Asks: 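The structure under discussion is supplied below as structure tokens; questions concerning it will follow.
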Number of protein chains: 2
Amino acid sequence: MTSNQATPPARSEPPAGTTPHTAPARTPHREPPRTTAATRATSRDVARAAGVSQAAVSLVLGDKWRGRVSATKAEAVRAAARDLGYRPNLAARSLRMGHTRTALLVVPALTTEFFARVYTGAARLAADHGFGVVLYPSPEGIGPARDPFDSASATLDGVIASSMAADALSALRHAGLPLVMLDSDPDDDRAGATVNLDIADGVRQLTTHLLTLGHRRITHLTAGVDSWTFALRASTLAETLRQTPGTQLRHHPAALGVDAGLHAAHAALTGPGPRPTALLCDDDIIAAGACKAVRRLGLRVPEDVSVTGFDDLALAVAVEPELTTVRLPAEEFGEAGMRALMAVLDGGRPESPTLPVELVTRGSTAPPPADTAPAS
Amino acid sequence: MTSNQATPPARSEPPAGTTPHTAPARTPHREPPRTTAATRATSRDVARAAGVSQAAVSLVLGDKWRGRVSATKAEAVRAAARDLGYRPNLAARSLRMGHTRTALLVVPALTTEFFARVYTGAARLAADHGFGVVLYPSPEGIGPARDPFDSASATLDGVIASSMAADALSALRHAGLPLVMLDSDPDDDRAGATVNLDIADGVRQLTTHLLTLGHRRITHLTAGVDSWTFALRASTLAETLRQTPGTQLRHHPAALGVDAGLHAAHAALTGPGPRPTALLCDDDIIAAGACKAVRRLGLRVPEDVSVTGFDDLALAVAVEPELTTVRLPAEEFGEAGMRALMAVLDGGRPESPTLPVELVTRGSTAPPPADTAPAS
DNA sequence: CGCCGCAGGTTATACGTATCACGTCCGGGT
DNA sequence: ACCCGGACGTGATACGTATAACCTGCGGCG
């Protein structure tokens, strides 16, 4: 603190009560950038203050001063930087370095808790390595199809994209940026790496759980989204049931959302043929809607109909009964994506892990009613 | 996985042979940009392709060529840019222009649906104006207290901050960036503008609804977060009830989350004195937990105890009974914040609107049980 | 003695863009 | 005839940073 017009005098704080009954608050002219901070300090300012050259500042602050700057001057530089509140201009640095240490995360929509958690995990790991993450919610969330690179005001070093945001992928591919796919076909050659959740294992665990309870008529309420991860749910379920004779599997298209789940479940329960005893839903939200449908038909969960979810969102324990579901490690998913991207950026060989999932057994599943005749 | 080194067949190598062997592969001088796709096209490349100067390209693409470039050449420039897939280097532009068209949105945590929707609204409006939005989830979401500007890899033009992220505000204030506060005390002089939701009106509507149904003993399950918006809920509730004689108001501290709501409601319902007939919760998630507590005590919602939420999240219609709640226009909230920030950035006088909220009456409220003795 | 190497610096430069200052060529007003 | 101003362009420059290239003593070693 030297000169620089400092010491803003006490701000004229009205101490308590006595609200200014008029409160004119005129002064509409224009507050010129009078208050300090008008222009940020540059490395040249720091150099001047420390009595060295701008290059020396860059060296010291970049921690590359081993045998180039004396310890005395290095400390002087650091002190000056601190005093001036110096922050490097990231735009200039990016221009010079040719990279931005920023990744783009492409997700279908952010209002889904799942992807919010994926982002959180990715951002946390990124921050630990000096990276930033910006979001590109795909068209359904943000408006008409828009170029991802117009959305990201920073230039990008790489992209992490959910397979559910397939509509944005063509633009991404064209840009030739390093790409990490989330939950995508491992054979997809667009990606430099692929991070997956072990969805198939989750479905198998869930199915085994229902089978063990005695269920034989299972209806799958699908998300109605054309993406690899949802296709995998359906195919794994079909394959698993095929190994147990006497089972019956149906698929009912729903959509994402409570209402969609409700309507699909209603249709599934009132349709022709024997009523299913278990509803396997593509996510927890659909499952919540399905539970509502069951009760509106005068039936109970789980005594009459078992319902299962997927994801283990906060919602899963907010409804009653609490949902039996498959817990997806969302934060770790985002972390793994970011880690893979950083590996690609470092030129190393990226890992393409498959993250384990976990069956969480709660109150929405039970043995089917005793009076139910076994299928066929 | 054997040799990573393999498979660069015919990488470059113009196979035309007869390369002058006097020019061995050495040439360490300077790598000319040989491999097209490796480096992005610059405005200079476009200029060369269109047969004009780089300045002309900038003029045309910046739509500032009124009387400076002929229509013919302008079209040629646009064609060349299209052919080359030219994208301006945003880092260079930011450096030159001194701004980034990027705003930072500071929220307490993203995993809450509410702020995810706020972000979506802000980002949508921003995109329409060529702005981007990056997020700074506050420490609780992202890790230990970290400088917002390390998190944002782009430099920033301004900040939109929720009052719930108060812990990050000191760093923000120090930076002297244009600041728009979300849901904050209008007298707060830190902000260039303040956008509010009409929380007080929502509380009054909710309270009137309960009073009209006949409730006299109301317990407020608070979020336990020290922020202006939650304080306003409590004070407005108290003030409203004070105007109706014979009412009894208690406050029970909860926290954000289903479990917290459950425990707080349990305590509220089993505590000393006559049982409250209505539980007014600071948000829908707490309310969902409260409903669970009611049922675990062998009581029914809403016949024995009415429960109300706040926010109108997706959760509100996922639980049964569906929650009576106050709908907060989250997307519009984010939009209004972004609009105010852009107004500040344009040097204009920003509006500081208060957005209306709406009472949504659903199944979780009903008249109190008839056998309930009036309070006092 | 000559000269190398190294610590401790500085100067110059390039990244890609937007814009200012400067040219040139005209047609038209005085 | 002269100058003015507008249309049409181009060259130069600066934004702030990181780093390559260069410079200067100085102790040591053949």
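On a predicted model such as this, the values are computed, not experimentally measured, just so you know. Order of the sequence lines sets the chain letters (A, B, ...), proteins ahead of strands, with each chain counted from 1. Because only heavy atoms are used, hydrogens play no part in the values below, and waters and symmetry mates are left out as well, while side chains stay in.
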Asks: Identify, between B:Ala92 and B:Ala56, the residue whose nearest nucleotide on DNA chain D lies closer to the 5' end.
Replies: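 Between the two, 5'-proximity favours B:Ala56.
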
Asks: Among residues 57-68 of chain A, which residues get a heavy atom nearer than 4.0 Å to DNA chain C?
Replies: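 Only A:Gly67, A:Arg68 qualify.
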
Asks: Starting from C1' on D:dG16, measure out to CE on A:Met97 and report it in whole angstrom.
Replies: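 Nearest whole value for this atom pair: 13 Å.
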
Asks: Tell me, do A:Tyr119 and A:Val133 make a side-chain contact under 4.5 Å, heavy atoms counted?
Replies: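 Yes, their side chains come closer than 4.5 Å.
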
Asks: Are any non-hydrogen side-chain atoms of A:Val134 and A:Leu156 less than 4.5 angstrom apart?
Replies: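 In contact.
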
Asks: When the distance from CD of A:Glu75 to P of C:dG8 is rounded to whole Å, what number comes out?
Replies: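 Result: 16 Å.
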
Asks: Considering only side-chain heavy atoms of A:Val69, which listed nucleotide, C:dT19, D:dC15, C:dG9, is closest?
Replies: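 Among the listed nucleotides, the one closest to the side chain of A:Val69 is C:dG9.
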
Asks: Under 4.0 Å between a side-chain N/O of B:Ser53 and OP1 or OP2 of D:dG11, yes or no?
Replies: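 For B:Ser53, the contact criterion (side-chain N or O under 4.0 Å from OP1 or OP2 of D:dG11) is not met.
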
Asks: Measure the distance from CZ on A:Arg87 to C1' on D:dT17 and round it to the nearest whole Å.
Replies: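 One finds 17 Å between C1' of D:dT17 and CZ of A:Arg87, rounded.
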
Asks: Nearest-Å distance, CZ (A:Arg40) to C1' (D:dC15)?
Replies: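 Distance, rounded to whole Å: 13 Å.
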
Asks: Among the nucleotides C:dG9, C:dT17, D:dT17, which one has an atom lying closest to any side-chain atom of A:Thr42?
Replies: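 The answer is D:dT17.
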
Asks: Please report the distance, rounded to the nearest Å, between CG in B:Leu95 and P in D:dC15.
Replies: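 Nearest whole value for this atom pair: 9 Å.
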
Asks: Nearest heavy atom decides the nucleotide; on that basis, is B:Ala41 or A:Val52 closer to the 5' end of DNA chain C?
Replies: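 Checking each residue's closest nucleotide, the 5'-ward one belongs to A:Val52.
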
